[in-house]
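Order of the sequence lines fixes the chain letters, A, B, ..., with proteins taken first and strands second; residue numbering starts at 1 for each chain. All values reported here derive from a predicted model rather than from experimental measurement.
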Amino acid sequence: MDKTLQEVKAAPVELLAQAPWVACLTPQQWQRAQRETLLTRRSAGEVVSAKGTPARHWIGVLEGMVKVDGLSADGRSTTLSGVPSGGWLGEGSMLKHERRPYEVVALQDSWLALMPSATFDWLCETSLGFNQFLVRQLNARLGQFLAVVESHRIQTTTSQVAVCLCELVNPALCTPVTGALRLSQEEIARLCGLSRQVTGRALHELEARGLVAMRYGGIEVLDVAGLQAAVRGSPGHAPAGAAA
DNA sequence: TCATTAAATTGTT
DNA sequence: AACAATTTAATGA
């Protein structure tokens with residue numbers, strides 16, 4: 001029995017219109033982009049784009065959340081990145097016209113926007129603003145991943161978790177905040193590449209510092225700036241001018 | 001609306 | 001990793 005989901009706050013079309021790159025387009029460009037972009041719903045756990053398949057679409061998360069998984073030959077998987085609502089992903093494969101190196105899976109019931117590669121290429125060729133958006137996004141992601149590497153190598157597990165949480169609330173990569181993120185500690189642990197045990201401990205520490213609030217099956221980020229600071233800072237100490 | 005049951009998530013060893 | 005406790009969701013009176 002299909003459940004009629006009436007919980008949708010805004011229509012998918014309206015969410016697409018609010019995408020950050022839309023404002024850069026001319027009316028004609030927006031008209032074609034809107035006409036050719038497919039809006040589709042995926043249930044939690046559904047594969048959006050399988051690893052190894054040709055990248056035919058640029059993927060926008062209008063509502064819900066998806067993750068990017070790396071799969072090994074023996075079926076083991078690790079989560080490389082989480083993309084909440086407002087985020088766009090897969091442009092790397094689009095730009096290189098290659099097959100998807102990673103698997104994209106819906107973490108929750110989600111509304112997705114799939115922009116065909118032909119449309120994507122056309123916007124790249126005709127819209128300066130669109131290119132600028134891509135550069136900003138790629139730059140933001142690079143910074144994010146560098147933070148992950150840095151944190152993994154020289155910081156505590158707590159700051160590793162903080163980094164991964166920052167990714168989910170980074171205004172440069174997704175819609176500011178939707179209240180509490182529906183993400184279990186087990187899913188957060190996969191995102192961080194840590195055990196559930198260690199992740200849980202780190203989350204409680206962040207909660208004790210007033211940066212996040214834990215919910216059953218979810219987490220609310222209370223202080224984005226504080227989280228970003230926790231990425232570098234050592235717990236307990238707050239070096240005044242040591243932001244280098 | 002309330003009680004019961006199942007499933008998911010979290011805490012503990 | 002396995003088990004126990006807790007919370008939420010679903011079902012039916």
Nearest-Å distance, CD (A:Q185) to C1' (B:dT12)? 13 Å
Would you confirm whether the ring centroid of A:W58 sits within less than 6.0 angstrom of the ring centroid of A:F130? yes
Criterion side chain to side chain donor-acceptor pair (under 3.5 Å) on A:Q185 and A:T199, from CA distance to verdict: CA-CA 7 Å; A:Q185 292 185 13; A:T199 302; over 6 Å; no
What integer distance in Å separates A:R182:CZ from C:dT8:C1'? 13 Å
Does A:V66 reach the side chain of A:V105, with side-chain heavy atoms less than 4.5 Å apart? no
Tabulate atom names and distances for all N/O pairs under 3.5 angstrom spanning the protein and nucleotides 2-4 of chain C.
none

Figure out the CG/C1' separation between A:L194 and C:dA1, and round it to whole Å. 17 Å
Step by step, would you call A:Q160 with A:S151 a side chain to side chain donor-acceptor pair (under 3.5 Å)? CA-CA 5 Å; A:Q160 289 180 48; A:S151 189; 5.4 Å; no
Quick one: A:I188 CD1 to B:dG11 P, roughly how many Å, whole number? 11 Å
Distances under 3.5 Å only, N/O to N/O: pair up the protein atoms with those of nucleotides 2-8 of chain B.
unit_1 : atom_1 : unit_2 : atom_2 : d
B:dA8  : N3     : A:Y216 : OH     : 2.4

Beyond-backbone contact of A:M115 with A:H57, side-chain heavy atoms, under 4.5 angstrom: no
Is there side-chain contact between A:L89 and A:V61, with heavy atoms separated by less than 4.5 Å? yes
Could you tell me how far apart A:E186 (CD) and C:dT7 (C1') are, to the nearest whole angstrom? 16 Å
Output yes when A:R141 and A:E91 qualify as a salt bridge under the 4.0 Å nitrogen-oxygen rule, no when they do not. yes
Roughly, in whole Å, what's the span from CZ in A:R201 to C1' in B:dT13? 17 Å
OP1 or OP2 of B:dT10 less than 4.0 angstrom from a side-chain nitrogen or oxygen of A:H204, does that happen here? no
Can you find a donor-acceptor pair, distance only, under 3.5 Å between A:Q197 side chain and B:dT10 base? no
A:L222 versus A:L211: any side-chain heavy-atom pair under 4.5 Å? no
Using whole Å, report how far CZ of A:R215 lies from C1' of B:dG11. 18 Å
Shortest non-hydrogen contact between A:A33 and A:L25, atoms and distance: CB-CD1, 4.4 Å
